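Heads up, the thing below is written out as structure tokens.
Just so it is clear, the model here is predicted, and its values are computed rather than measured. Below, chains carry the letters A, B, ... as their sequence lines are ordered, and counting in each starts from 1.
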Amino acid sequence: MRRVRLYDSLHREVRLFQPRFPPRVGMFVCGVTTYDDAHIGHGRFAVVFDVLARALRRWGYRVFYVQNVTNLDDKVIARAGETGDDPLERSARYFRAWREQMDALNVRSVDHYPFATDYLPEIVDQIRDLERAGFAYRAEDGSVYYEVARFPPYGQLSGQNVQALRPGARVELDRRKRSPEDFVLWKAATPGEPSWESPWGPGRPGWHIEDTAITGRLLGPQYDIHGGGIDLIFPHHEAEIAQAEGASGKSPLVEYWLHNGLVQMNGEKMSKSLGNVASLEAAIATAGAMPLRLYYLNAHYRSPLDFQPEASLREARESYERLRGPFARVTASLASASAGSELPDALAQHANSVVEQMDDLLADDLRSREALALLFQWARTVNELGELSGYSALALESLAAPFRWAEVTLGLFADVAGADAGALDAAVRVAIDARSRARARGDYGEADRIRDELARAEIHLEDGPSGTRWTYRPSSSDGS
RNA sequence: GCCGAGGUGGCAGAGUGGUGAAUGCGACGGACUGCAGAUCCGUUUCCUGGGGGUUCGAAUCCCUCCCUCGGCUCCA
């Protein structure tokens, strides 16, 4: 099994990845709160952790990947109240949109998307465990709080000093709490809002408890990987550690804490509360899902990533075409390949070496940017060969290998046609032959008419020294 | 104020002690084309925030200053 290294936010260093029970890997990622449209930042964490799961599976690990869905919280309720929606129906609607966007982005590695409200029994059980262990207390109104002072490691993940938090401007004064840093586990019901029965009376879960209740049930009291945006470290992930370790008595909850950097818009974090969001759905429509995926993977996952509304998407489309073009040509040639020449040994070996190097890069804390740099170089190598129809199927498979690696591991090229390319090629060739005859007799009007007509079907012709080549290049839906 | 991550060419973004500082986008020139496009070749005169130090050698290690971003109970 490949040597994998991952940066762990708790230990603050890159560590050799050793799951508790290899080859099995339990992986949990904080998902979305389904109260509004997802933005580009949400797409980033989804793609980054999709690649992690894909890569681990490629290397022989058996990954169970859970991504939760916060389908009920203060924001869902608040937004539903504004619009007159039923909160849970609103959530269901936005979750469907999220899944559609995930499908478009080729995010397929998530095994299970648990909803918070499907885990009420587990949530109640965990709060009772915390009560029994002395970490929780009941307030007069029926809410239950976590008493942070009872959990000395609190602050270890974020490096926060709990005492220093006290004067923090945003720590609200709440008379129900024994201490300002305490956080709510169970919120007493408010009339008109969804609520569930519990030993403490009707209410609903606090923000942090759903994750640890879900992971406790699905992944156990201790598991391997927990991922999420870097903005969740405090207080959310800190609270998760306090809850899970307090309730189970086992430490550590998680072996490897992974946090992705945030997408910034003109130098500032993209967030709904700042109002500077770019909709994920719109970006997919404008740039295409695969170029967007490339955009995410073209930076290291822990770095901040700047989003420039016009430039970023245009660049993503142009660079993606540079990769997709040669791969699509190899695939098309492969579909009709029979006998032909082989590659020089050095080139075939180079293909293997590129794949090996890309695996190594990804295994070193997901250096996707550098793996892509190699893939761009390989694209150039393939382009240098020119016409591909003279190569054998074996040779073409060698040429395809680095692209196929990216297809499987990075999840790119979901839009590159495969098996039916041969039939399409035969059909397009008929039109190309007719146009060639027109050009030969100097009838450029007819030649351009055929080319324009094919262009309307998004098939683009290119005349070169070795004849006419065609590519299928879908334009974006906005037509820009 | 406290905790954390950063400052690299026109832009995006790698590289964290040693061959010419990747890769992509953009721009310019050339080849190819009936024109176009794609592709290839070349150019973009050369960019590591300022200062100091360690070293034969620093973008990379140390010190210091400046600046940016994130967190400090809404957050991917």
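- Of the candidate nucleotides B/rG71, B/rA76, B/rC11, B/rA76 has the atom lying nearest to any side-chain atom of A/H42.
- As rounded to the nearest Å, B/rG30 and B/rU19 have P atoms that lie 36 Å from one another.
- Residue contacts for A/G43: at a heavy-atom cut-off of 4.0 Å it reaches no nucleic acid atom on any strand shown.
- A donor-acceptor pair under 3.5 Å links the side-chain atoms of A/R108 to the main chain of A/D103, judged by distance alone.
- No side-chain donor-acceptor contact under 3.5 Å links A/R324 to the backbone of A/P291.
- A distance of about 14 Å separates the P atoms of B/rU64 and B/rC3, rounded to the whole Å.
- Taking atom CZ of A/F307 as the reference point, atom P of B/rG13 lies 12 Å away to the nearest angstrom.
- B/rG70 and B/rU23: their P atoms are spaced 32 Å apart (whole Å).
- Set against B/rC40, B/rC25, B/rA76, the side chain of A/N383 has B/rC40 as its closest nucleotide.
- Looking only at distances, no side-chain donor or acceptor of A/R176 sits under 3.5 Å from a matching main-chain atom of A/D141.
- Contacts of A/A299 with the nucleic acid, taken as non-hydrogen atoms under 4.0 Å apart, involve only primed sugar atoms and P, OP1 or OP2.
- Side-chain proximity of A/P235 to the nucleotides B/rC11, B/rU73, B/rA14 is greatest for B/rU73.
- Partners of A/V254 by side-chain contact (heavy atoms from CB on, under 4.5 Å), not counting sequence neighbours, listed by chain and number: A/Y223, A/H226, A/W257.
- A/R451 contributes a side-chain N or O that forms a donor-acceptor pair with the base of B/rA36 under 3.5 Å.
- Rounded to whole Å, the distance from CG on A/L366 to P on B/rG15 is 12 Å.
- One atom, CZ of A/R302, and another, C1' of B/rU16, lie 12 Å apart when rounded to the nearest Å.
- Taking only side-chain nitrogens and oxygens, A/S158 never comes nearer than 4.0 Å to OP1 or OP2 of B/rG4.
- Remark: the separation of the C1' atoms in B/rU60 and B/rG6 is 15 Å, to the nearest Å.
- Heavy atoms of A/V29 sit nowhere under 4.0 angstrom from any nucleic acid atom.
- Among the protein residues, A/L294 comes within range of no part of the nucleic acid, since none of its heavy atoms lies under 4.0 Å from any strand.
- Base contact: A/H39 has a heavy atom under 4.0 Å from a base atom.
- Looking at heavy-atom distances under 4.0 Å, A/D463 makes contact with a base.
- Listed by chain and number, the residues in a side chain to side chain donor-acceptor pair (under 3.5 Å) with A/D359 are A/R58, A/W59, A/W405 (sequence neighbours excluded).
- Listed by chain and residue number, A/V32, A/V69, A/N71, A/S91, A/Y94, A/F95 satisfy the side-chain contact (heavy atoms from CB on, under 4.5 Å) test with A/T34 (two or more places apart in sequence, or in another chain).
- In RNA chain B, consecutive stretches of 3 or more Watson-Crick or G-U wobble pairs with both distances under 3.5 Å are given as paired ranges: B:1-7 with B:66-72, B:10-12 with B:23-25, B:26-31 with B:39-44, B:49-53 with B:61-65.
- When heavy atoms are screened at a 4.0 angstrom cut-off, A/G228 is found touching the sugar-phosphate backbone but no base atom.
- Nearest-nucleotide mapping onto RNA chain B: of A/L461 and A/Y7, the residue sitting toward the 5' end is A/Y7.
- One interatomic measurement links the two molecules: CD of A/Q308 to P of B/rC25, which rounds to 16 Å at whole-angstrom precision.
- No side-chain donor-acceptor contact under 3.5 Å links A/T468 to the backbone of A/D463.
- Here the separation of B/rC25 from B/rG9, taken at their C1' atoms, is 13 Å to the nearest Å.
- For residues 274-283 of chain A, the set of pairs meeting the side chain to side chain donor-acceptor pair (under 3.5 Å) definition, not counting sequence neighbours, is empty.
- In the model, A/Y119 has no side-chain atom that pairs as donor or acceptor with a side-chain atom of A/N68 under 3.5 Å.
- Here A/Y7 pairs with nothing under the side chain to side chain donor-acceptor pair (under 3.5 Å) rule; sequence neighbours left out.
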Using a cutoff of under 3.5 Å, can you pull out all pairs of nitrogen or oxygen atoms linking the protein to nucleotides 21-23 of chain B, with atom names and distances?
{"residue": "B/rA22", "atom": "N6", "partner": "A/R369", "partner atom": "NH1", "Å": "3.4"}
{"residue": "B/rA22", "atom": "N1", "partner": "A/R369", "partner atom": "NH1", "Å": "3.1"}
{"residue": "B/rU23", "atom": "OP1", "partner": "A/Q377", "partner atom": "NE2", "Å": "3.4"}
{"residue": "B/rU23", "atom": "O2", "partner": "A/R369", "partner atom": "NH1", "Å": "2.4"}

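- Comparing A/R469 and A/Y320 by the nucleotide of RNA chain B that holds the closest heavy atom to each, the one mapping nearer the 5' end is A/Y320.
- Remark: A/R435, A/R439, A/Y444, A/D448 in residues 433-449 of chain A come within less than 4.0 Å of RNA chain B through at least one heavy atom.
- Screening residues 269-294 of chain A for ring-ring contact (aromatic ring centres under 6.0 Å, His included), with sequence neighbours left out, gives no hits.
- Rounded to whole Å, the separation between the P atoms of B/rA22 and B/rU16 comes to 14 Å.
- Across all strands shown, A/S9 has no heavy atoms under 4.0 Å from either base or sugar-phosphate atoms.
- Here A/Y320 pairs with A/D415 under the side chain to side chain donor-acceptor pair (under 3.5 Å) rule; sequence neighbours left out.
- Only the P atoms considered, B/rC47 is 15 Å distant from B/rG20, to the nearest whole Å.
- What separates CH2 of A/W257 from C1' of B/rG4 is a distance of 16 Å, to the nearest Å.
- One can place CG of A/L232 at 10 Å from P of B/rC72, the figure rounded to the nearest angstrom.
- Put simply, the side chain of A/Q264 never gets that close to the backbone of A/P304: no donor and acceptor are under 3.5 Å apart.
- For A/R367, the salt bridge (Lys or Arg N to Asp or Glu O under 4.0 Å) partners two or more places apart in sequence, or in a different chain, are A/D364, A/E370.
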Polar-atom pairs under 3.5 Å, protein N or O versus N or O of nucleotides 68-70 of chain B: list them with distances, or write none.
{"residue": "B/rC69", "atom": "O2'", "partner": "A/Q264", "partner atom": "NE2", "Å": "2.5"}
{"residue": "B/rG70", "atom": "OP1", "partner": "A/K269", "partner atom": "N", "Å": "3.1"}

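- Atom CG of A/L157 is separated from atom P of B/rA5 by 13 Å (rounded to the nearest Å).
- Salt-bridge check for A/E100 with A/R96: failed, with every basic side-chain N at 4.0 Å or more from each acidic carboxylate O.
- Remark: C1' of B/rC72 and OH of A/Y154 are 10 Å apart, rounded to the nearest angstrom.
- Residues A/L372 and A/L323 come closest through the heavy atom pair CD2-CD1, 4.3 Å.
- Electrostatic pairing of A/D433 and A/R429 does not count as a salt bridge here, judged by no charged N lying under 4.0 Å from a carboxylate O.
- Between B/rC28 and B/rA36, the two P atoms lie 15 Å apart (nearest whole Å).
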